[in-house]
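A, B, ... follow the sequence lines: proteins, then strands. Residue 1 opens every chain. The structure displayed is predicted, hence computed values, not measured ones.
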There are 2 protein chains.
Amino acid sequence: MAATTPYIAQRPKRADGRRNYDTILAAARKAFAATGSDASLEDIASQAGVAIGTLYRHFPTRAALVEAATRDGLDTLVAEAGAYAATDPLDALTHWMEQAVAHISTFRGLVGILTEAMYDEGTPSHVACAAMHRCGADLLRAAQDAGRVRADLTPDELFDLLTAAGWVRENSAPGRDAGTRVLQLMLEGVVLR
Amino acid sequence: MAATTPYIAQRPKRADGRRNYDTILAAARKAFAATGSDASLEDIASQAGVAIGTLYRHFPTRAALVEAATRDGLDTLVAEAGAYAATDPLDALTHWMEQAVAHISTFRGLVGILTEAMYDEGTPSHVACAAMHRCGADLLRAAQDAGRVRADLTPDELFDLLTAAGWVRENSAPGRDAGTRVLQLMLEGVVLR
DNA sequence: TTGACTACATGAGGCTGCCTCAGCTTAACT
DNA sequence: AGTTAAGCTGAGGCAGCCTCATGTAGTCAA
């Protein structure tokens, strides 16, 4: 059967629609930051001063709302990969990974959504995740070709590490940025040789 | 204020109670395995052939049910730590970590619950998690004293890595055991020197 | 064996959150 | 000014959570 393309939210043409779209998105970002990806949609709507039906008009599913709320961040990440590519391959990879960990864990629950989206085309965030995957794979290959990273590491495994670090960051106390340290440990290893 | 001790489920004295307790636990394990830690409690009850009130009588909170469903596994883990301690310190640590990753990710959502329980005393699983923490810390110190593991790794960081690997395992396709590979990468490191 | 005690079982019902849809409003274009 | 369709609304159906008043039956002592 044909792959069903997921609905991706679009900023409406009409002025009132655009206004509400923006307000809802702002409320959603605030709620996600406070509560995580399973924040109450009815709360978000009322916080935005809008009826629940209006929220659903613009964002028919929770996944669509999450995608819209995180789109900018992931686009930035992809853009940064290009910029880093000019520098030392290993530095490029590690810096980009640090950025990636931050972007994929901006609120509780995001990493899980993005991880699923990475391999599921029926998901709004899939396009962004696939782009991320390409960037990561390119930077990885460059670092491997330069002999700076173990050759047996696959891109999928790289993303396993990345999402794992993101998950730690997501679930650690706000002050202690465990994500960065964990990423460092992953890169350097724990066992002495 | 005094720390509120969490309710921990106990197998009842009366025969009918014990029967239901066991049946509910079996249904819960099956449901958690299939759906994850947020499986419907009403489904679990009806699967066990019991009214919802009966489930709540034995397991007043979801956390209590999860704790009861995973108690054996975590106890085993603690017991194994003692057995491993006699062998080579690095082998002991790595083998125990492999076991730990498996035990803390027996179903979707468990790692998150246990991670929170590790540092929150008001949680049914806290006792088990604290015991786990002690075991891990002991094995880590032994491996560090033997000069086999980097000295700047703290026990908390060890558990960050452990839960991260568990999360990956939890969220990867059943066939591909990504957890083991990710743990290996964490221990060995990714960057060549 | 019987009676009493009390642990245990039941399920309707109140609550919250999800999501839909029929009817109304209004921006935008001619 | 009229028309049109994009947009807005919120009641209502559904599912899951959890409680509690009421009913049932194991257990134990006499």
Item to complete: Write down the atom of B/Glu170, the atom of B/Ile104, and the distance for their closest heavy-atom approach.
Response: OE2-O, 4.2 Å

Worksheet item: If you find the nucleotide of DNA chain D closest to B/Ala39 and the one closest to B/Arg19, which residue's nucleotide is nearer the 5' end?
Response: B/Ala39

Worksheet item: Which is true for A/Pro12 with a 4.0 Å heavy-atom rule: it touches a base, it touches only sugar-phosphate, or it touches nothing?
Response: sugar-phosphate

Item to complete: Could you list by number each residue of residues 27-35 of chain B showing a heavy-atom separation from DNA chain C of less than 4.0 Å, or answer none if no residue does?
Response: none

Discussion item. Rounding to an integer number of Å, can you tell me how far B/Gln10 CD sits from C/dC8 C1'?
Written reply: 15 Å

Worksheet item: B/Arg19: what forms a side chain to side chain donor-acceptor pair (under 3.5 Å) with it, not counting sequence neighbours?
Response: none

Worksheet item: Residues in side chain to side chain donor-acceptor pair (under 3.5 Å) with B/Arg29, at least two apart?
Response: none

Worksheet item: Got a sec, which residues hit side-chain contact (heavy atoms from CB on, under 4.5 Å) with A/Asp177, two or more places apart in sequence or on another chain?
Response: A/Arg169, A/Thr180

Worksheet item: What residues form a side-chain contact (heavy atoms from CB on, under 4.5 Å) with B/Thr61, not counting sequence neighbours?
Response: B/Ala63, B/Ala64

Worksheet item: Considering residues at least two apart in sequence or located in another chain, which fulfil the ring-ring contact (aromatic ring centres under 6.0 Å, His included) criterion with A/Tyr56?
Response: none

Please tabulate the protein-to-nucleotide N/O contacts below 3.5 Å involving nucleotides 10-15 of chain C, giving atom names and distances.
residue, atom, partner, partner atom, Å
C/dT10, OP2, B/Ala51, N, 3.0
C/dT10, OP2, B/Thr54, OG1, 2.9

Worksheet item: Expressed in angstrom and rounded to an integer, what is the separation of B/Asp43 atom CG from D/dC17 atom P?
Response: 8 Å

Under 3.5 Å, which donor-acceptor pairs do the side chains of residues 132-142 of chain A form with other protein atoms, sequence neighbours left out?
residue, atom, partner, partner atom, Å
A/His133, NE2, A/Asp156, OD1, 2.9

Discussion item. Within the supplied structure, the quantity of interest is the number of heavy atoms (other residues, nucleotides, ligands) at a distance under 6.0 Å from A/Gln144 CD; does it exceed 12?
Written reply: yes

Fill in: Any A/Ser40 side-chain nitrogen or oxygen under 4.0 Å from OP1 or OP2 of C/dC18
yes

What N/O pairs connect the protein and nucleotides 28-30 of chain C at under 3.5 Å? Give each pair on its own line.
residue, atom, partner, partner atom, Å
C/dA28, OP1, A/Ala15, N, 3.0

Item to complete: Determine which pairs satisfy ring-ring contact (aromatic ring centres under 6.0 Å, His included) with at least one residue from residues 15-46 of chain A, sequence neighbours left out, and list them in order.
Response: A/Tyr21-A/His58, A/Tyr21-A/Phe59, A/Phe32-A/Phe107

Practice prompt. Enumerate the residue pairs fulfilling salt bridge (Lys or Arg N to Asp or Glu O under 4.0 Å) with a member in residues 37-64 of chain A, sequence neighbours excluded, ordered by first and then second residue.
Written response: none

Worksheet item: Tell me: OH of B/Tyr21 to P of C/dA9, nearest whole Å?
Response: 13 Å

Worksheet item: Do any pairs count as a salt bridge (Lys or Arg N to Asp or Glu O under 4.0 Å) and have a residue in residues 85-103 of chain B, sequence neighbours left out, and if so which ones?
Response: B/Asp88-B/Arg148

Discussion item. At less than 4.0 Å, is any side-chain N or O atom of A/His58 found next to OP1 or OP2 of D/dA6? Yes or no.
Written reply: no

Worksheet item: To the nearest Å, how far apart are A/Tyr56 OH and C/dG17 P?
Response: 12 Å

Fill in: Candidate nucleotides D/dT19, C/dC18, D/dG7, ranked by approach to the side chain of A/Arg62 - the nearest
C/dC18

